[in-house]
Protein chains: 4
Amino acid sequence: MLMKLDFGSDVPIYQQIRNQIVNAIASEKLLPGDKIPAIRVMADEAGVNMMTVNKAYALLKQEGYIKSERRGGTVVAEEFGKGGLGEGLRERLRVIASEARLAAVSEEEFIKLCGKLYRGEI
Amino acid sequence: MLMKLDFGSDVPIYQQIRNQIVNAIASEKLLPGDKIPAIRVMADEAGVNMMTVNKAYALLKQEGYIKSERRGGTVVAEEFGKGGLGEGLRERLRVIASEARLAAVSEEEFIKLCGKLYRGEI
Amino acid sequence: MLMKLDFGSDVPIYQQIRNQIVNAIASEKLLPGDKIPAIRVMADEAGVNMMTVNKAYALLKQEGYIKSERRGGTVVAEEFGKGGLGEGLRERLRVIASEARLAAVSEEEFIKLCGKLYRGEI
Amino acid sequence: MLMKLDFGSDVPIYQQIRNQIVNAIASEKLLPGDKIPAIRVMADEAGVNMMTVNKAYALLKQEGYIKSERRGGTVVAEEFGKGGLGEGLRERLRVIASEARLAAVSEEEFIKLCGKLYRGEI
DNA sequence: GTGGTCTAGACCACA
DNA sequence: GTGGTCTAGACCACG
């Protein structure tokens with residue numbers, strides 16, 4: 001669980017952590033039931049404040065990606081929401097598709113990229 | 001140019017305005033050379049402060065989507081950067097693909113959605 | 001006297017006109033005593049408002065680069081201020097030198113460029 | 001970081017602030033990684049509004065000279081764009097060279113001045 | 001009438 | 001405590 005954080009980015013650090021964990025789960029680098037590093041450990045490794053990691057975990061928990069174990073640890077959830085694509089996700093995707101189109105990325109290229117990212121190939 | 005703004009969202013208003021204009025250009029509701037509403041007009045219509053619209057326009061200008069004409073008015077640029085998909089865009093897309101996958105959206109569904117959004121069908 | 005104007009630039013149009021005339025005089029494409037196009041003519045050719053050309057000419061006159069003829073025309077002045085480099089010019093040059101240095105332009109390159117521009121070679 | 005501002009100048013205050021910071025970086029009075037004053041502090045010291053300083057910083061950030069650190073504070077960037085002299089910079093330099101020539105500054109004097117400014121000697 | 005700039009406040013997210 | 005965002009005004013330069 002090496003976090004690559006960009007402190008100069010406009011994306012909040014807790015969001016970057018959240019995103020990378022979501023990516024890790026989707027690409028099956030983290031499997032359901034796998035243990036996630038303790039807050040203190042992750043904070044030390046990443047060189048950030050514990051509050052920041054705590055916020056990321058709280059967000060992931062609220063979204064249903066992870067859950068607290070009875071013993072104290074935190075693990076990847078066994079089941080995720082099957083709610084399909086939310087409205088928020090669709091709007092975010094729409095903006096990206098627009099930007100890609102205006103950047104002269106062809107539909108074929110774009111589709112291919114979407115597929116590769118979905119399958120975790122890149 | 002009716003803006004649909006969500007004042008409760010965590011995405012800044014100026015970003016929402018920026019996104020909707022990018023979408024409008026990509027879906028050809030706004031064509032190169034078309035005039036976009038004056039800052040004050042848009043501010044009045046959207047019920048936000050002039051400076052907020054100003055910031056959105058400044059961002060769009062910096063990104064090359066629009067340009068001020070110096071004789072009054074702001075227009076959609078004739079040419080956009082043909083730089084292809086930037087690294088930032090890819091990372092944003094990766095997170096969305098991950099979330100879709102974990103929301104039990106099949107690859108086929110996801111690809112179909114990407115295509116529709118790219119073509120501006122929905 | 002073909003003006004190349006960029007209406008999308010942040011430099012005011014009257015300044016662009018003024019700059020190009022100064023450049024033309026310095027590179028001896030316009031010689032002392034040469035007649036400068038009438039305001040109306042220049043405005044038509046450049047596709048701008050007469051007031052804009054008028055403002056450019058007024059600025060050039062105030063700076064001593066051109067002067068009105070008794071008959072009504074406007075000509076390049078015979079003598080320019082021998083005042084040396086003003087403080088304002090030096091500060092503008094300082095900023096450019098700083099930007100060049102930070103853009104990794106070597107001192108040699110920079111000096112060479114300054115010389116070529118001074119001699120009007122490029 | 002004392003700003004010398006000319007409130008009567010036609011160059012915007014935020015530009016003056018931007019220019020002086022660029023000069024400070026180029027002359028190594030500010031080194032990569034150095035912290036620059038907080039927006040509010042600089043605003044107080046300079047006697048201007050926070051938003052004005054904010055705009056200057058935003059510009060510098062966009063140009064890659066500084067970056068916000070997300071843990072409080074803004075620092076001088078470690079690496080600058082090595083893009084060489086842009087077209088805009090050349091045109092600005094051309095006008096200055098023309099003005100210098102017409103002010104009867106000899107090529108030798110001009111070159112010497114350019115060198116000194118580049119090296120930060122004056 | 002347009003965008004550009006500036007002020008004097010305020011609230012919030014982030015770390 | 002930091003930067004980010006937003007408001008409600010105002011004046012000015014430009015064309």
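Keep in mind that the numbers below use all heavy atoms, side chains included, and drop hydrogens, waters and symmetry copies. Every chain is numbered from 1, with letters handed out A, B, ... down the list of sequences.
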*Nearest-nucleotide comparison on DNA chain E, the residue closer to the 5′ end among B:Asn54 and A:Val11*: B:Asn54
*asked:* Here's a test of your reading of the structure: between D:Met50 and A:Met51, which maps to the more 5' nucleotide of DNA chain E?
replied: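 That would be D:Met50.
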_B:Asn49 side chain, from C-beta outward: closest of E:dT7, F:dA8, E:dG3_ =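 That would be F:dA8.
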May I ask you to verify if any side-chain N or O of [X] is less than 4.0 angstrom from the OP1 or OP2 atom of [N]?
X       : N      : value
A:Lys55 : E:dC14 : yes
C:Tyr14 : F:dG15 : no
D:Lys67 : F:dG3  : no
B:Thr52 : F:dT5  : no
D:Arg70 : E:dA15 : yes
D:Thr74 : F:dG3  : yes

Measure [atom1]/[X] against [atom2]/[N] and give the value in whole Å, please.
X       : N      : atom1 : atom2 : answer
C:Asp6  : F:dG15 : CG    : P     : 12 Å
A:Asp44 : E:dA15 : CG    : C1'   : 16 Å
D:Met42 : F:dG1  : CE    : P     : 19 Å
D:Asp10 : F:dC12 : CG    : P     : 15 Å
B:Ile36 : E:dG3  : CD1   : C1'   : 12 Å
D:Leu59 : E:dG4  : CG    : C1'   : 14 Å
D:Ile17 : E:dT5  : CD1   : C1'   : 12 Å
D:Ile39 : F:dG4  : CD1   : C1'   : 8 Å

*asked:* What contact category does D:Lys61 fall into here, base, sugar-phosphate, or nothing, at under 4.0 angstrom with non-hydrogen atoms?
replied: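 Sugar-phosphate, backbone atoms only, no base.
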*Is the shortest distance from a Lys or Arg side-chain nitrogen in A:Glu91 or B:Lys4 to a carboxylate oxygen in the other one below 4.0 Å?*
no
_For C:Gln15 and B:Gly47, find the nucleotide of DNA chain F closest to each by heavy atoms; which residue's nucleotide sits nearer the 5' end?_
B:Gly47
*B:Gly72 or B:Ile13: which one's nearest nucleotide on DNA chain F is closer to the 5' end?*
B:Ile13
So do [Y] and [X] actually touch side chain to side chain, heavy atoms under 4.5 Å?
X       : Y       : answer
A:Met1  : A:Ile21 : yes
A:Val95 : B:Arg18 : yes
A:Glu63 : B:Glu99 : no
A:Met3  : A:Gln16 : no

_Pairing check on F:dG1: which nucleotide meets the Watson-Crick or G-U wobble criteria with it, both distances under 3.5 Å?_
E:dC14
*asked:* Just checking A:Arg90: does its CZ atom have more than 12 heavy atoms from other residues, nucleotides or ligands closer to it than 6.0 angstrom?
replied: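 It does not: A:Arg90 CZ has 12 such atoms or fewer within range.
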*Could a donor-acceptor pair under 3.5 angstrom be found where the side chain of D:Arg40 meets the base of F:dG3?*
yes
